There are 2 protein chains.
Amino acid sequence: MPQLPAFDVMTATCPSRTSLVRIANKWTAMVVIALSSGRMRFRDLRATVDGISAKVLTETLRDLERDGLVTRHMYAEVPPRVEYELTALGRTLHAPLHALGSWAEDHITEVLAARESYDARQ
Amino acid sequence: MPQLPAFDVMTATCPSRTSLVRIANKWTAMVVIALSSGRMRFRDLRATVDGISAKVLTETLRDLERDGLVTRHMYAEVPPRVEYELTALGRTLHAPLHALGSWAEDHITEVLAARESYDARQ
DNA sequence: CTGTATCCGCTATGATACTG
DNA sequence: CAGTATCATAGCGGATACAG
């Protein structure tokens, strides 16, 4: 029997699980990766994170702001301008999420080959 | 204007996005972390990944197997025994996902404080 | 431009019962 | 034990319209 990892996130009732659920999410990952290059406007985020709707982007940013990962900067201009920026805490999350994005790109050939092989077998 | 990250996963139609979507997922993260300690039986995975249903665990393992991240070992015994193991490719995914789990645990205090502060403001 | 407000379908997930 | 099958439901997420 392999040694079990003593990982709190594995416990459904542990608070850290709620945090993992939020960060282990495609939209969160892409938004944080996008923001790693610096402060960005709402519309630029929407353009960068291809396919995200305004509603989902708004909700994702709100959740990130609530968790202390993102700061919201509003400008009283017309038309209005709002910029989002990673907090110090948010920047500590960049490396893990960026690693996930890099993994997806670095291994896509192997993954696609595996899928093809699997589907051919079934 | 900050420099935009030239990240394929940001493009909705890029194959690597489909891979990111799969790995940037709470269940995937927890199952891969659990399997990092070695080969495990279905029931032990269910017990380790607290709260996961048999159905979801089955589907998660199938998806991971299809992407070439997990190998399935069946034993013709009664009662049946099935073990799951990370492939070489799957093991390369452990570090990024483990980092995510560690992040959730290491920063849960800050996250909870941020949530409390945010909720109090609203 | 940056949202909010609906409406709503689809998918993810859970519960339960059943099979080999 | 390790699933599969079925059903029920919540919430994610898309489309659209509208507001400040």
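Keep in mind it's a predicted model, so treat the numbers as computed, not measured. In the text below, chain A, chain B and the rest are named by the order of the sequence lines, each starting its count at 1.
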Practice problem: Could you tell me the separation between the CD atom of B:E59 and the P atom of D:dA2, rounded to a whole number of Å? | Solution: 17 Å
Exercise. Quickly work out the A:R43 CZ to C:dT2 P distance and round it to whole Å.
Key: 6 Å
Practice problem: Please state whether the phosphate of C:dT2, meaning OP1 or OP2, lies under 4.0 angstrom from any side-chain nitrogen or oxygen of A:R41. | Solution: yes
Exercise. Taking only Lys NZ, Arg NE, NH1 and NH2, and the carboxylate oxygens of Asp or Glu, determine whether B:D8 and B:R17 approach each other closer than 4.0 Å.
Key: no
Quiz item: Taking OP1 and OP2 of C:dT13, is either one under 4.0 Å from a side-chain nitrogen or oxygen of B:W27?
Solution: yes
Exercise. Measure the distance from CG on B:D50 to P on C:dT13 and round it to the nearest whole Å.
Key: 16 Å
Exercise. Could you state the atom-to-atom distance from CG of A:D63 to P of C:dG3 in whole Å?
Key: 14 Å
Quiz item: What are the residues of residues 70-85 of chain A, sorted by number, that bring a heavy atom to within less than 4.0 Å of DNA chain D?
Solution: A:P80
Quiz item: Is atom CD of A:E116 surrounded by more than 12 heavy atoms (other residues, nucleotides or ligands) closer than 6.0 Å?
Solution: no
Self-check item: Main-chain N/O of B:W27 paired with B:N25 side-chain donor or acceptor, under 3.5 Å
Solution: yes
Self-check item: Side chains of A:T28 and A:L64 in contact at under 4.5 Å (non-hydrogen atoms)
Solution: yes
Quiz prompt | Value in whole Å for how far the P atom of C:dT2 lies from CG of A:L57 | solution = 10 Å
Quiz item: How close or far is atom P of D:dC1 from atom CG of B:D44, stated in whole angstroms?
Solution: 10 Å
Quiz item: Charged N to carboxylate O below 4.0 Å: is that the case for A:E83 and A:R39?
Solution: yes
Exercise. Would you classify B:R62 as touching base, sugar-phosphate or nothing, given that sugar-phosphate means primed atoms plus P, OP1 and OP2, and contacts are heavy atoms under 4.0 Å?
Key: sugar-phosphate
Practice problem: Report the distance from atom CG of B:N25 to atom P of C:dT11, rounded to the nearest whole Å. | Solution: 16 Å
Quiz item: Atom NZ of B:K55 and atom P of C:dT11: how far apart are they, to the nearest Å?
Solution: 13 Å
Quiz item: Under 3.5 Å, is there a donor-acceptor pair linking the side chains of B:S117 and B:R121?
Solution: yes
Quiz prompt | Exercise: do A:T60 and A:R22 side chains pair donor with acceptor under 3.5 Å | solution = no
Exercise. Look at the side-chain N and O atoms of A:S53 and state whether any lies under 4.0 Å from the OP1 or OP2 oxygen of D:dG14.
Key: yes
